[in-house]
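Report on the structure given below.
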Amino acid sequence: MPKELIRLVDCTMAFDGEIVLNAINLTIHDKEFLTLLGPSGCGKTTTLRLIGGFETPTSGGIFFDGARINDVPPHKRRVNTVFQKYALFPHLNVFENVAFGLRIAKIPDGGGKKSRLPEGEIEERVQGALELVGLKGYHRRRVHQLSGGQQQRVAIARAIVNRPQVLLLDEPLGALDLKLRKEMQHELKEIQRQVGITFVYVTHDQEEALTMSDTVVVMNHGNIQQIGTPVDIYNEPVNAFVADFIGESNIIQGVMHKDYSVSFAGRLFECVDSGFDPNQPVDVVVRPEDVRMTPPDGGQLRGTVNSVTFKGVFYEIFIDVGEIEWMVHSTSAPKIGDEVGLLLTPEDIHVMDRPDLFPEGAEALTLEDVDPEPEFEDGGGDGEDGEEA
Amino acid sequence: MKHSRVPGRVLQGFIAVFLYAPILVLIVFSFNATKSRVKFEGFTLDWYAKLFEDRQVLSALYLTLVLAVLSALAATVIGTVSAIGLHNMKRRPRKALLALNNIPVVNPDIITGVSLMLVFLLCVSFLRSLGLRAGLGFTTLLLAHVTFNIPYVILSVMPKLRQLSRNTYEAALDLGANPFQAYRRVILPEIMPGVVSGAIIAFTMSIDDFLISYFTTGTSVQTLPMVIYAMTRKRISPEINALSTLMFLTVLVLLIVINILQSRDQKEKERRFRAVS
């Protein structure tokens, strides 16, 4: 495991008495691609802003390379941020946007004094960064002459040209269309490999998180739900929230009868889980692609096909079984109204503790992050500032 | 039903006549060869020439320009800094202070003038009681002009601040700028069009003002509008027409400059809108 770079210890964040982050603990390692994933208002952006220095935690500590940095202002931190809405400087051209950090930086000149970077080095580093993000030859353009995707690339170049140890990215692809987003996902991953620094990435898009990350941190209501590799998170979700947020799931309330035996949907199933209390209420999670359809008498459950939707690679089929509607993904399509059987093997059944997902006071949580919406006017994004002069 | 365009055109014509006919008359008669105010009897530039020989007018012009430049500069600095401060406030106190800021704009000039005079007289008598020499004059005039100019600068700068993306300032800090550098290198250039048009509006308001100046100046210091007023009371001379014409043209040019600045800004915004969408 590479060395530890950033550690958040019991970080709590409250705005006007409303808790947005609830004593989270998180370790970020050197050269790691870590993604904070969760729905709007889960606290992922707040976590990023704590690391960037734009917010100070109400309580708890933030450590960078072992040193506590709670009170270090953003301009003295060795991290750079790519903002969701780019936040480029419209009065500067592409070159000067990227050069901004380098022109401000001061380097020790050996004689105890500090001096500015020489123009030649600035030129070289800016051109290198532009080349890295695929914008070679664009340095004289004005910012508003660029497309959204190009502006995002400038924002990335502007950040990495400063050679930060950590790059923070706040839903950087949120405003791009689907095709461009997919391209940029691969490019970002490639850029991270080339510059070899830590990326902390915020997104609400689970597919994006699974594609790009070494580590995924799933958050909800200011709490971390699960930390793991994309494969772990998908295959071994720790609770129904994670299971539901990452991919699609059938979540059924059940009771753990005894080890390796769980009852739900009106009958007893064999499973691979153990260690629960006898008769403990649990959530049973079954991925739709794990459910097999059989002739009516061939499965453990029997139901009626309610709807069939073509999804490209598979059909999404809803089947009424008693009071529960099951979602099944299959490459063959039954007809609506057909009687079918459903077959589950023990490995398909994931039994989870039923945590109190909405603890007391959860309703009071504010939605701190807002849904990323494409921005149509530069600025004025702050909804609070809409009043007339 | 088909709407006729004629009534609209007629209305437009009337509005134009009512607005500009008096000024046109003024300009035409500033070139009148005789002192007649009803008959145009030949073209002359004599009145303009006379104007520039009139020591009283010239010194008033000089004073007015100095006053306008100084008060516009001071108001621009104070107003811009205030606007940035207001912008960073929480919503509620900001709204309250902006409402306060608007009061001097809509307040009748005569009330602003009289109240400023009362305050200045109080200060003068206090200073005199300390044995200092004090009186109404250029200093009080300048203070009064700075005071009534500040709200216009704030009103002109605030919209530019609101246009800024919330992250612009943070992005500058993120890239290593300290707060002062962030304002100097990023925020100020971004809001510059608002600052410049604020300064021009302040300059114009200062040249334009009669009432507030009248109440806050001493006996020896007279601005151009005050000289014009005094001239009309003594004798009605076409010199006044010439002087007024020059003032009108100055203000007109400044207004055109402001309009060009704003429309350029608008175009810029539209370009950015297209680039993003």
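Letters A, B, ... are given to chains in the order of the sequence lines, protein chains preceding strands, and every chain is numbered from 1. Not measured: the values here are computed from a predicted model.
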Check this for me: Tyr183(B), atom OH, are more than 12 non-hydrogen atoms of other residues, nucleotides or ligands nearer than 6.0 Å? yes
On a heavy-atom basis, the closest approach of Ala87(A) and Ala171(B) is O-CB, 3.8 Å
Closest non-hydrogen atom pair, Arg49(A) against Asn167(B): NH1-OD1, 4.5 Å
In terms of heavy-atom contacts, does CZ of Arg116(A) have more than 12 from other residues, nucleotides or ligands at under 6.0 Å? yes
Give, for atom CG of Asp16(A) and atom NZ of Lys90(B), the distance between the pair rounded to the nearest 0.5 Å. 5.0 Å
OG1 of Thr81(A) to CD of Glu170(B), rounded to nearest 0.5 Å, is 8.5 Å
Go through the steps for Arg185(B) and Phe89(A) under the test side chain to side chain contact (heavy atoms under 4.5 Å, CB included), then give the verdict. CA-CA 10 Å; Arg185(B) 286 173 173 244; Phe89(A) 306 136; over 6 Å; no
For the pair Glu190(B) (side chain) and His91(A) (backbone), establish whether a donor and an acceptor sit closer than 3.5 Å, ignoring hydrogens and angles. yes
Is it the side chain or the backbone of Ala172(B) that comes within 4.5 Å of chain A heavy atoms, both, or neither? both
Working to the nearest 0.5 Å, report the span between CZ of Phe54(A) and CG of Asp174(B). 4.0 Å
Would you name the heavy atoms of Ala177(B) and Phe100(A) that are closest together and state the gap between them? CB-CE2, 4.1 Å
Pair count under 4.5 Å, heavy atoms only, with chain B: among Gln150(A), Arg142(A), Lys76(A), Arg158(A), highest is Arg158(A)
If you define the side chain from C-beta out and look only at heavy atoms, does anything of Leu175(B) sit under 4.5 Å from Asn162(A)? yes
Please say whether more than 12 non-hydrogen atoms of neighbouring residues, nucleotides or ligands are located less than 6.0 Å from CD in Glu121(A). yes
Part of Gln181(B) within contact of chain A (heavy atom distance under 4.5 Å): side chain
